[in-house]
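Data first, discussion second: the structure below is written as C-alpha cells.
Note that the structure is predicted; figures quoted are calculated from it, not measured.
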Amino acid sequence: MVPVRPPLSPPLCTLPPGPGPARFVCYCEGEGIGAKGQGCFNLYVTDAAELWSTCFTPDSLAALKARFGLNADEDIARRFRAACEQQAVTFTLLEDGASLTLSGEPLALDLNLSKVPGPEAVSRLQALTLGLAERVCSLERWLTEETAASPRKMPRLVGPPQFLPDPDPQRGGPGPGVRRRCPGESLINPGFKSKKPASGVDFDDL
C-alpha cells in the first residue's frame, strides 16, 4: 500500500530568516477563504508569549487588495507562502503595534498588525501549538510508512574485485589501491595474457 502524503499545510515561517535563532513565528489562517473576499484571512506573528494580527475585516481586506492592485480572486496566502519560501518576510515591532512586509513581485505588501488581547491570544496560541504538534505527528507517520514501503537496498557488487589491499603491509606487498597482477599477465597490456614468455635481449646480436 502506497503511503498517502499529508495534505499541504498552511504556510508559516520563523523570523528573522537565516541560520540564527528564531524569535518569532509568522503564520496565517483562512488560506483560500480570504481570496474569495469573505474577510476570514489573517496573518499572525507570535513570540510564544504575545500575538499580533492583521485583524482583517471583509472591507479592510478588499481595500488592501485594491491598494496593492490585487484581483478580488487573488489569494494573499499564496503571496505569503512564496515570501516564506524565499525568506522575504520582515517583521518590525512598533510602539503601538507592529508591521509585516512581504517582499516580492510586482509590489511588496506592507501590512499593519495589532496586538491581540490576552484571552484571545491564549486560545489562538493554544490552537497553534496543537496544530503544529498534529502536523509533526502526521509527517512522522508518513515518513515511517514511506520508509517501510520502500526500504533501501544495499548495493550489490558484480564480478571479482579488481583492487585488493594487502592484508599485511609489512610483507612488502602492494599497498592499498594497488592492483595485483595475475600470473602470466602482460606487463605492457594489463588484463591480457602474455602470448609468449619474455626472452630478454641478446646484446651479442646488436
Q. Counting only heavy atoms not in Glu134, do more than 12 fall under 6.0 Å of its CD?
A. no
Q: Report the distance from atom OG1 of Thr14 to atom CD of Gln87, rounding to the nearest 0.5 Å.
A: 8.0 Å
Q) Where do Val116 and Thr46 land on the side-chain contact (heavy atoms from CB on, under 4.5 Å) test, with the steps shown first? A) CA-CA 10 Å; Val116 179; Thr46 180; over 6 Å; no
Q) Got Leu43 and Leu113 here, is their nearest side-chain heavy-atom distance under 4.5 Å? A) no
Q) Trp52 vs Phe24 aromatic rings, parallel, tilted or perpendicular, using cut-offs 30° and 60°? A) perpendicular
Q: Let me see the working for Val45 and Val25 under side-chain contact (heavy atoms from CB on, under 4.5 Å), right down to the final yes or no.
A: CA-CA 6 Å; Val45 177; Val25 175; over 6 Å; no
Q. Step by step, would you call Leu100 with Thr54 a side-chain contact (heavy atoms from CB on, under 4.5 Å)?
A. CA-CA 9 Å; Leu100 190 69; Thr54 49; 5.6 Å; no
Q) Is there a chain of hydrophobic side chains (I, L, V, M, F, W, Y, each step under 4.5 Å between heavy atoms) that links Leu111 to Leu15? A) yes
Q.
Quick check: closest heavy atoms across Arg23 and Pro16, and the distance to 0.1 Å?
A. N-CD, 4.1 Å
Q.
So which atom in Asn42 and which in Cys55 form the shortest heavy-atom distance, rounded to 0.1 Å?
A. OD1-N, 3.0 Å
(Q) Distance check, rounded to the nearest 0.5 Å: Ser123 atom OG versus Leu51 atom CG? (A) 9.0 Å
Q) Do Leu93 and Glu50 touch side chain to side chain, with heavy atoms closer than 4.5 Å? A) no
Q) So how far is it from Ile76 CD1 to Leu64 CG, rounded to the nearest 0.5 Å? A) 4.5 Å
Q) Which distance, rounded to the nearest 0.5 Å, do you find between the CG of Asp110 and the OG of Ser103? A) 8.0 Å
Q.
Between Ser60 (side chain only) and Phe56 (backbone N and O only), is there a donor and an acceptor less than 3.5 Å apart?
A. no
Q) OG of Ser114 to CG of Leu94: how many Å apart, nearest 0.5 Å? A) 10.5 Å
Q. Would you say Leu132 and Leu125 are hydrophobically clustered, going by side-chain heavy atoms of ILVMFWY under 4.5 Å?
A. yes
Q: Give the intermediate values and the outcome of side-chain contact (heavy atoms from CB on, under 4.5 Å) for residues Phe91 and Asp47.
A: CA-CA 11 Å; Phe91 176 69; Asp47 59 357; over 6 Å; no
Q) Under a single-linkage definition using a 4.5 Å side-chain heavy-atom cutoff for Ile, Leu, Val, Met, Phe, Trp and Tyr, are Leu12 and Val89 assigned to the same hydrophobic cluster? A) no
Q | Phe80 with Phe68, same ILVMFWY side-chain cluster at under 4.5 Å | A | yes
Q | From OH (Tyr44) to SG (Cys28), nearest 0.5 Å | A | 10.0 Å
